[in-house]
Number of protein chains: 2
Amino acid sequence: MISNARSAYQVHDHQRCIDAALNRARQCCAAANARLTPIRETVLLLIWKSHKPLGAYSIVEQLPALTGKRIQPPSVYRAIEFLLELRLIHRIPSLNAFIGCPFPGSEHSDVFMVCRQCGSAAEVSADNLNQLIAETTHKAGFQLESQTVEVSGLCLACNPETPH
Amino acid sequence: MISNARSAYQVHDHQRCIDAALNRARQCCAAANARLTPIRETVLLLIWKSHKPLGAYSIVEQLPALTGKRIQPPSVYRAIEFLLELRLIHRIPSLNAFIGCPFPGSEHSDVFMVCRQCGSAAEVSADNLNQLIAETTHKAGFQLESQTVEVSGLCLACNPETPH
DNA sequence: GGTAAAACGATATAATGTACCAACTTTGTC
DNA sequence: GACAAAGTTGGTACATTATATCGTTTTACC
Ligand SMILES: [Zn+2]
Ligand SMILES: [Zn+2]
Ligand SMILES: [Zn+2]
Ligand SMILES: [Zn+2]
């Protein structure tokens, strides 16, 4: 089981998250012989600005401050599509928003945990859970190819019952 | 483990699905002291026309044929909201579409299995899976309140490896 | 340096979802 | 039945999310 919940939901050196994400992105792009162009990199950085899923139009709004020029929705969606394909980011369907993947490269299927209070999201990947999902759906006659698990609730920081 | 996959994906007497859904809806409404008005009932029937998730605007398009008059998006969304609250239908976030719940009333958290070939969806509810999701997220420090699990793949009917 | 592929800019538009307010219907009470 | 309150619907406008299209620019490669 791997998860970025502990860091994502608590006070931490987020610059390290950002730096690590950017390094991994460069590695992944090199490995895939893909180009991390300025727009794509800036979009990735914006998404990594926090651990809250970010909508495409928020990106459109925030890009001029970083690039100096207005960038239209299609360009942003193209960058998002690129980042999704390389699995550098994930889409959270129920939010129509995107979040950086903390462990791209490693094959994993995620559970996204979205805090209803603070809006932050973390992911956890657990082999036994994925296996049980595969088994359960297989028993129902379904041949699983991909999965999306979203849970909503209270994160570490927002749960009053959690000792800090 | 309960599932409607066997019927949903194969040839079956779908009129029975529809009749059963309508009966359960009447029961649920009576129990909740809620009113299954003509619009709400018609929207529910349209959603139950098949086992394929149906978008809100498809409903808007198809309603005039059943009611004789045009019904605007807000009215459709209100009906959908009502049906969602009574858990007579579910929303499939990745499709922006809605599907009838085959077992409302009984408390359950579902896995939605959406066939990428034929578009049909079925649900399976398994206690041990729900429990494992709760455990896994709990270990990550998350207090789960609700969940959505979607899997994509091939259904019984569309999987060439399935003996029919 | 010529060429093909990839990426980007720009405009328009599609698809999904909601805010708002007026009008109508049902329900409960007198 | 008359009335008030709550619930439901009609209708317009608008907000948000996403994509189609096409011409231009940049990059990669020989
Ligand atoms: Zn961080
Ligand atoms: Zn939180
Ligand atoms: Zn059926
Ligand atoms: Zn199928």
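Every heavy atom of this structure was used, including side-chain atoms; hydrogens, water molecules and symmetry mates were not. Naming: A, B, ... by sequence-line order, numbering from 1 per chain.
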Where B:Cys17 and B:Trp48 come nearest, the two heavy atoms and their spacing: CB-CZ3, 4.0 Å
Bend angle of the helix from C:dG1-D:dC30 to C:dC30-D:dG1, from helix axes over five pairs at each end, nearest 10°: 30°
Residue pair B:Leu156 / B:Tyr9: nearest heavy atoms and the distance that separates them: CB-CB, 4.1 Å
CZ/B:Arg87: more than 12 non-hydrogen atoms of other groups inside 6.0 Å: no
Please list every donor-acceptor pair under 3.5 Å in which a side-chain atom of residues 28-41 of chain B meets a protein atom from a residue at least two apart or in another chain.
{"unit_1": "B:Arg40", "atom_1": "NH1", "unit_2": "B:Arg35", "atom_2": "O", "d": "2.7"}
{"unit_1": "B:Glu41", "atom_1": "OE1", "unit_2": "B:Arg26", "atom_2": "NH1", "d": "3.4"}

Set of salt bridge (charged side-chain N to carboxylate O under 4.0 Å, His left out) partners for A:Arg116, sequence neighbours left out: B:Glu145
Hphob cluster co-occupancy, B:Met113 + B:Leu154, side-chain heavy atoms under 4.5 angstrom: no
Strand-adjacent residues in residues 86-98 of chain A, judged by heavy atoms under 4.0 Å from DNA chain D: A:Arg91, A:Asn96
Interatomic distance, A:Cys118 atom SG to A:Lys52 atom NZ [nearest 0.5 angstrom]: 5.0 Å
OG on A:Ser109 to CG on A:Leu129, rounded to 0.5 Å: 9.5 Å
Contacts of type salt bridge (charged side-chain N to carboxylate O under 4.0 Å, His left out), residue A:Glu150, not counting sequence neighbours: none
Phosphate contact (D:dT19 OP1 or OP2) by A:Tyr77 side-chain N/O below 4.0 Å: no
Sort me out a list of protein N/O and nucleotides 11-16 of chain D N/O pairs below 3.5 Å, or just none if empty.
none

Identified side chain to side chain contact (heavy atoms under 4.5 Å, CB included) counterpart of B:Ile47 within the set B:Leu88, B:Thr42, B:Ile89: B:Ile89
CG on B:Asn4 to OG on B:Ser125, rounded to 0.5 Å: 11.0 Å
Remaining members of the apolar cluster that contains A:Val11, side-chain heavy atoms under 4.5 Å: none
Terminal contacting nucleotides, 5' and 3', DNA chain C versus chain A (heavy atom, 4.0 Å): C:dA7 to C:dT11
All pairs passing side-chain hydrogen bond (donor to acceptor under 3.5 Å, both in side chains) where residues 129-140 of chain A contributes a residue, at least two apart: A:Asn130-A:Gln147
Ring pair (Phe, Tyr, Trp, His ring centres under 6.0 Å) involving B:Phe112 - partner list, sequence neighbours excluded: B:His90
Side-chain polar contacts of residues 53-69 of chain B - donor-acceptor pairs under 3.5 angstrom, sequence neighbours left out - could you list them?
{"unit_1": "B:Thr67", "atom_1": "OG1", "unit_2": "B:Leu63", "atom_2": "O", "d": "3.1"}
{"unit_1": "B:Thr67", "atom_1": "OG1", "unit_2": "B:Lys69", "atom_2": "N", "d": "3.4"}
{"unit_1": "B:Thr67", "atom_1": "OG1", "unit_2": "B:Lys69", "atom_2": "O", "d": "3.0"}

B/S/- contact track for nucleotides 23-30 of chain D, protein heavy atom under 4.0 Å: ----S---
